[in-house]
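Both ligands and their constituent atoms are indexed starting at 1 by order of listing.
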Amino acid sequence: MKSLVTTSSSVSPALLPSADLDVARIREDFPILKQKVHGKPLVYLDNAATSQKPQAVIDSEVELYSKYFSNVHRGVHLLSQRSTDAYEKAREKVQNFLNARSSAEIIFTRGTTEGINLVAQTYGQQHVQPGDEILISEMEHHSNIVPWQMLCAQKGAILKVIPINDEGEILLDEYEKLLSERTRLVGIVHLSNALGTVNPVQQMIEMAHQRGIPVLVDGAQAVPHIPVDVQALDCDFYVFSGHKLFGPTGIGVLYGKKELLETMPPYQGGGDMILSVSFKKTEYNVLPFRFEAGTPNIAGAIALGAAIDYVQEIGLDKIATYEDKLLAYATEAMAEIPGVRLIGTARNKASVLSFLIEGVHPHDIGTILDREGIAIRAGHHCAQPVMERFGVPATARASFAFYNTLEEVDALIAGIRKVQEVFS
Ligand SMILES: *Cc1c(COP(=O)(O)O)cnc(C)c1O
């Protein structure tokens with residue numbers, strides 16, 4: 001991680017879309033990328049499913065377990081203090097990354113899915129009554145649908161859905177109409193994993209707040225690709241997963257405004273979330289510990305902190321600019337192939353290219369590309385309702401990270417032509 005940025009440009013500008021992102025150097029940090037699959041160099045374009053890990057993230061776990069691992073918030077001994085310091089330092093890194101006001105607003109979870117379930121089963125249980133409404137969009141991931149369906153079933157509440165247009169954009173007029181005095185919460189994805197749409201979340205939050213309605217933003221896809229500032233957005237809850245941000249699996253984050261978190265009942269009961277326990281009365285701990293029952297994912301949190309350091313050193317503005325160029329290049333190349341149809345053509349898009357090839361099942365596309373060393377996803381992307389909206393059971397999806405290159409896009413395009421040859 002010495003010189004990620006380069007000012008000299010010995011490589012031809014065409015090969016280096018953003019002159020100040022040294023992708024060749026960055027790729028050196030990702031050991032997994034240096035391999036062949038089926039005898040071909042690995043082209044990893046499945047970043048929306050999960051992303052690969054830089055050596056710094058891998059090292060941070062090795063260092064913890066080989067040098068200072070112990071349980072957190074418990075011991076007075078040195079190792080426990082060191083682990084606790086590192087764990088809490090990671091929380092501060094997340095706070096800084098999201099620009100939250102306080103580290104007490106950062107709850108470590110297992111991932112996006114757990115963060116949404118936590119809000120549904122605490123804030124939701126507390127505030128939703130029979131006949132109330134929860135509002136989500138047609139392009140949500142299953143993890144921003146099912147927890148709300150479960151809550152609605154428990155409470156006799158109603159799940160309402162904001163429709164989208166043929167490009168995969170939220171219909172803001174319809175959204176406005178759906179905001180009612182019965183709406184208790186809006187749940188909206190920041191960047192759609194199935195379509196690549198970047199939603200106007202700031203505007204949507206403002207519209208909800210005008211009616212006193214809180215908003216949860218699903219940022220699982222957004223945080224690896226675009227800078228996020230929860231204070232600027234003014235969202236009430238923001239959730240993401242470590243593993244899509246070049247960190248480990250099994251760790252994620254729920255950001256919540258302090259004034260909301262403070263009034264919410266606990267999620268799970270157990271150790272660490274209490275101040276005192278007796279059989280008569282248990283006193284709950286302060287934020288953020290009240291929502292972290294049991295021994296947390298210590299290694300995961302610390303390694304997530306290392307992942308955040310890594311992307312911040314490169315700079316999310318630079319990452320976003322670079323990936324926009326990759327996406328534009330790929331979109332243009334795809335448009336030139338007859339028989340290829342893009343699903344999701346929003347004006348504001350990032351990092352995701354969902355597509356169909358006429359006469360070929362997406363799973364066959366995935367299988368043939370795999371033989372070429374190219375890893376993409378084929379399926380419904382945990383977003384079956386949006387597949388239904390476009391009248392398809394599945395798509396093939398290429399999704400980019402900052403370590404992908406224009407050459408890899410070229411390999412994808414060549415692979416798609418090969419698929420067409422096989423099926424012609
Ligand atoms: C991946 C993803 C989720 C779920 O994340 P998990 O890590 O599986 O909990 C939710 N929403 C979006 C948009 C995603 O891409």
Side-chain angles (χ1 to χ4, degrees), residues 45-53 57 94 107-121 134 136-150 161-162 164 168-170 186-201 204 215-226 228 233 235 237-255 267 296-297 300-301 303-304 307-308 323 343-344 346 348-354 375-387 389 394-395 397-401:
L45 300 177
D46 196 16
N47 295 286
T50 198
S51 59
Q52 301 299 350
K53 318 307 169 200
V57 168
V94 176
I107 316 286
F108 283 121
T109 64
R110 281 195 300 124
T112 304
T113 303
E114 189 178 52
I116 298 170
N117 277 278
L118 191 160
V119 175
Q121 290 305 321
I134 302 285
I136 60 171
S137 87
E138 208 171 8
M139 68 173 92
E140 298 308 313
H141 187 283
H142 294 164
S143 70
N144 201 25
I145 301 174
V146 184
W148 305 117
Q149 277 178 329
M150 290 164 66
V161 181
I162 314 158
I164 60 174
E169 298 167 320
I170 294 275
V186 174
I188 182 74
V189 66
H190 197 165
L191 197 178
S192 159
N193 66 308
L195 305 173
T197 309
V198 179
N199 283 315
V201 285
M204 293 178 74
V215 180
L216 175 144
V217 180
D218 171 356
Q221 291 298 333
V223 289
H225 303 292
I226 48 184
V228 173
L233 289 177
C235 54
F237 301 104
Y238 197 97
V239 289
F240 71 86
S241 301
H243 71 98
K244 290 177 181 171
L245 185 63
F246 317 100
T249 55
I251 187 77
V253 168
L254 162 66
Y255 156 83
Y267 178 47
N297 185 351
L304 172 59
I308 286 173
E323 289 180 358
I343 302 290
N348 197 0
K349 268 191 78 170
S351 69
V352 169
L353 211 51
S354 247
I376 61 147
R377 177 86 179 265
H380 55 58
H381 318 297
C382 296
Q384 281 182 317
V386 80
M387 295 291 110
R389 165 64 179 75
T395 71
R397 179 187 69 189
S399 49
F400 304 108

With heavy-atom distances below 4.0 Å as the criterion, list the atoms of ligand 1 near Asn193. 13 (C), 15 (O)
Given His141 and His381, is the ring-ring contact (aromatic ring centres under 6.0 Å, His included) satisfied, shown in steps? CA-CA 8 Å; His141 187 283; His381 318 297; 10.0 Å; no
Considering non-hydrogen atoms of the protein only, which is the closest contact for atom 8 (O) of ligand 1, and what is the distance? Thr113 OG1, 3.7 Å
Thr197-Ser192 side chain donor-acceptor pair, cut-off 3.5 Å: no
Pair His243-Ser51, side-chain donor/acceptor within less than 3.5 Å: no
Hey, looking at atom 7 (O) of ligand 1, which of Ala383, Ser241, Gly250 has the closest heavy atom? Ser241
Is it the case that Thr112 and Ser143 place a side-chain donor and acceptor less than 3.5 Å from each other? no
Protein heavy-atom partner closest to atom 2 (C) of ligand 1 - residue, atom, separation in Å: Lys244 NZ, 2.4 Å
Please say whether His243 places an N or O atom under 3.5 Å from an N or O atom belonging to ligand 1. yes
Counting from 1 in the order shown, the ligand 1 atoms closer than 4.0 Å to a non-hydrogen atom of Ala220 are 2 (C), 3 (C), 10 (C), 11 (N), 12 (C), 14 (C), 15 (O)
Looking at CD1 of Ile251 and CZ of Phe240, how far apart are the two atoms once the value is rounded to the nearest 0.5 Å? 9.0 Å
Is the shortest side-chain heavy-atom distance between His190 and Val228 below 4.5 Å? yes
As a check for students: among Ser143, Ser192, Gly252, identify the option with a heavy atom nearest to atom 4 (C) of ligand 1. Ser143
Tell me which one of Asn144, Asp218, Val189, Thr112 gets a heavy atom nearest to atom 12 (C) of ligand 1. Asp218
